[in-house]
Student: 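Have a look at the structure that comes next, please.
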Amino acid sequence: MRPRRQFDGVTAEVVEAIAALFATEARRQAFELPNDTAGVWEVTYRAESGNIRALLWPSINRIDVTVGPHMWVVKGVREVEVIEALEFIARFGRDGVLTVALNGQIVLTTPGNGGD
């Protein structure tokens, strides 16, 4: 079993852990929310399927992920799990899950309407 780390929300530690997963440095962006001391952080990585760009917003627990022309935005991230040499998983809302793998595969699962 691969080592994994879990974090509550999107924190500075999450930014560092995701950058380490992708063997790169997180870069603080020139833009941010008003009165935001945590900033917005970018992590990029060249994956098999294209370039991954993750924007991490600690002050509002948000993660934006782009691969090629595709983009996923998850808000209200309550937990992030980083699995060494494999992927990170962001859990949001009641049952939402965003998985971003090193190979560039992205999986977004959202809750159904209750009749599933």
Side-chain angles (χ1 to χ4, degrees):
M1 187 142 160
R2 296 174 191 256
R4 53 185 69 212
R5 296 173 61 195
Q6 290 184 308
F7 307 89
D8 292 330
V10 179
T11 63
E13 292 80 18
V14 167
V15 172
E16 292 173 15
I18 290 174
L21 170 69
F22 292 113
T24 190
E25 297 285 327
R27 292 187 311 265
R28 188 170 183 153
Q29 300 301 285
F31 58 90
E32 59 190 38
L33 298 170
N35 303 314
D36 178 9
T37 59
V40 179
W41 297 86
E42 177 188 57
V43 175
T44 58
Y45 178 73
R46 176 76 181 143
E48 296 170 21
S49 62
N51 294 327
I52 297 173
R53 178 182 187 229
L55 283 179
L56 307 161
W57 305 68
S59 64
I60 58 172
N61 286 316
R62 173 177 160 170
I63 298 176
D64 305 354
V65 176
T66 306
V67 178
H70 310 287
M71 183 175 197
W72 300 262
V73 175
V74 293
K75 299 176 179 179
V77 174
R78 57 183 166 75
E79 180 183 86
V80 176
E81 183 174 7
V82 178
I83 303 173
E84 187 176 301
L86 184 63
E87 65 192 9
F88 75 84
I89 302 163
R91 293 179 177 84
F92 61 96
R94 196 186 82 218
D95 295 321
V97 178
L98 171 71
T99 303
V100 180
L102 280 173
N103 66 7
Q105 291 183 330
I106 312 295
V107 176
L108 178 66
T109 306
T110 59
N113 292 332
D116 306 64

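All values below were derived from every heavy atom in this structure, side-chain atoms included, with hydrogens, water molecules and symmetry-related copies excluded. Heads up: numbering here begins at 1 and tracks the sequence.
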Student: Tell me, do V67 and W72 make a side-chain contact under 4.5 Å, heavy atoms counted?
Tutor: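 Yes, side chains in contact.
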Student: For R62 and V73, what are the C-alpha separation, side-chain angles and deciding distance, and is it a side chain to side chain contact (heavy atoms under 4.5 Å, CB included)?
Tutor: CA-CA 7 Å; R62 173 177 160 170; V73 175; 3.6 Å; yes
Student: State, with a plain yes or no, whether a side-chain heavy atom of D64 is found less than 4.5 Å away from one of T66.
Tutor: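 They are not in contact (no side-chain heavy atoms under 4.5 Å apart), so the answer is no.
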Student: Would you mind reporting whether N61 and F92 have side-chain heavy atoms less than 4.5 Å apart?
Tutor: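 Sidechains of N61 and F92: no contact.
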Student: Specify the closest pair of heavy atoms between A26 and A19, including all atoms of both residues, with the distance to one decimal.
Tutor: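 Shortest heavy-atom contact: N-CB, 3.8 Å.
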Student: Spell out, yes or no, whether L102 and V43 are grouped together once hydrophobic residues are joined by side-chain heavy atoms under 4.5 Å, including indirect joins.
Tutor: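 Hydrophobic grouping puts L102 with V43.
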Student: Does any N or O in the side chain of R5 come within less than 3.5 Å of the main-chain N or O of V80, such that one atom is a donor and the other an acceptor?
Tutor: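 No, because the side chain of R5 does not come within donor-acceptor range (under 3.5 Å) of the backbone of V80.
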Student: Flag yes if V65 and V82 sit in one hydrophobic cluster, no otherwise; membership is Ile, Leu, Val, Met, Phe, Trp, Tyr, and two members link when side-chain heavy atoms are under 4.5 Å apart.
Tutor: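 Yes; tracing contacts between hydrophobic side chains, which count when under 4.5 Å, links both residues.
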Student: Would you say CG of D36 has more than 12 non-hydrogen atoms from neighbouring residues, nucleotides or ligands within 6.0 angstrom?
Tutor: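 Buried by this count: over 12 neighbours within 6.0 Å.
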Student: When clusters are formed by joining ILVMFWY residues with side-chain heavy atoms under 4.5 Å apart, either directly or through shared neighbours, do I106 and L21 land in the same one?
Tutor: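 Both belong to a single hydrophobic cluster.
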Student: Are W57 and V15 in one and the same hydrophobic cluster, where Ile, Leu, Val, Met, Phe, Trp and Tyr link if side-chain heavy atoms are under 4.5 Å apart?
Tutor: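 No.
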Student: Is E81 close to R91 at the side-chain level, that is, under 4.5 Å between some pair of heavy atoms?
Tutor: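 A side-chain contact under 4.5 Å exists here.
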Student: Are the charged groups of R2 and E84 less than 4.0 angstrom apart, N to O?
Tutor: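 So R2 does not pair with E84 through a salt bridge.
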Student: Picking from I52, T24, N51, what satisfies side chain to side chain contact (heavy atoms under 4.5 Å, CB included) with Y45?
Tutor: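 Among the candidates, only I52 passes.
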Student: Between atom CG of L108 and atom CG of L98, what is the distance when rounded to the nearest 0.5 Å?
Tutor: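 Reported value, rounded in 0.5 Å steps: 6.0 Å.
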Student: Looking at CD1 of I18 and CD of E13, how far apart are the two atoms once the value is rounded to the nearest 0.5 Å?
Tutor: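 One finds 12.0 Å between CD1 of I18 and CD of E13.
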Student: Check the surroundings of atom CD in Q6: do more than 12 heavy atoms from other residues, nucleotides or ligands lie under 6.0 Å from it?
Tutor: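 More than 12 heavy atoms, drawn from other residues, nucleotides or ligands, come within 6.0 Å of this atom.
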Student: Do V14 and F88 touch side chain to side chain, with heavy atoms closer than 4.5 Å?
Tutor: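 With C-beta onward as the side chain, the pair stays apart.
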Student: Treat each ILVMFWY residue as a node, draw an edge where side-chain heavy atoms are under 4.5 Å apart, and state whether F31 and I60 are in one component.
Tutor: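 Yes, one cluster joins them.
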Student: Please confirm whether the backbone N or O of V77 pairs with a side-chain atom of E79, one donor and one acceptor, at under 3.5 Å?
Tutor: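 Such a contact is absent between E79 side chain and V77 backbone.
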Student: Other residues, nucleotides and ligands only: do more than 12 of their heavy atoms fall within 6.0 Å of CD on Q29?
Tutor: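 Counting other residues, nucleotides and ligands, CD of Q29 exceeds 12 neighbours.
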Student: Heavy-atom distance under 4.5 Å between the side chains of V10 and P58, does that happen here?
Tutor: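 Answer yes - side chains close enough.
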Student: Would you name the heavy atoms of P111 and R94 that are closest together and state the gap between them?
Tutor: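 For P111 and R94, the tightest heavy-atom pair comes out as CB-NH2, 4.1 Å.
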Student: Between atom CG of L55 and atom CZ of R27, what is the distance when rounded to the nearest 0.5 Å?
Tutor: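 Rounded to the nearest 0.5 Å, the CG-CZ separation comes to 10.0 Å.
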Student: Rounded at 0.5 Å granularity, tell me how far CD in E25 sits from CD in E16.
Tutor: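 So the gap between those two atoms works out to 9.5 Å.
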Student: Hey, mind stepping through V97 and V107 against side chain to side chain contact (heavy atoms under 4.5 Å, CB included) and telling me if it holds?
Tutor: CA-CA 8 Å; V97 178; V107 176; over 6 Å; no
Student: With rounding to the nearest 0.5 Å, note down the distance linking CD in E87 to CZ in F22.
Tutor: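 The CD atom of E87 sits 9.5 Å away from the CZ atom of F22.
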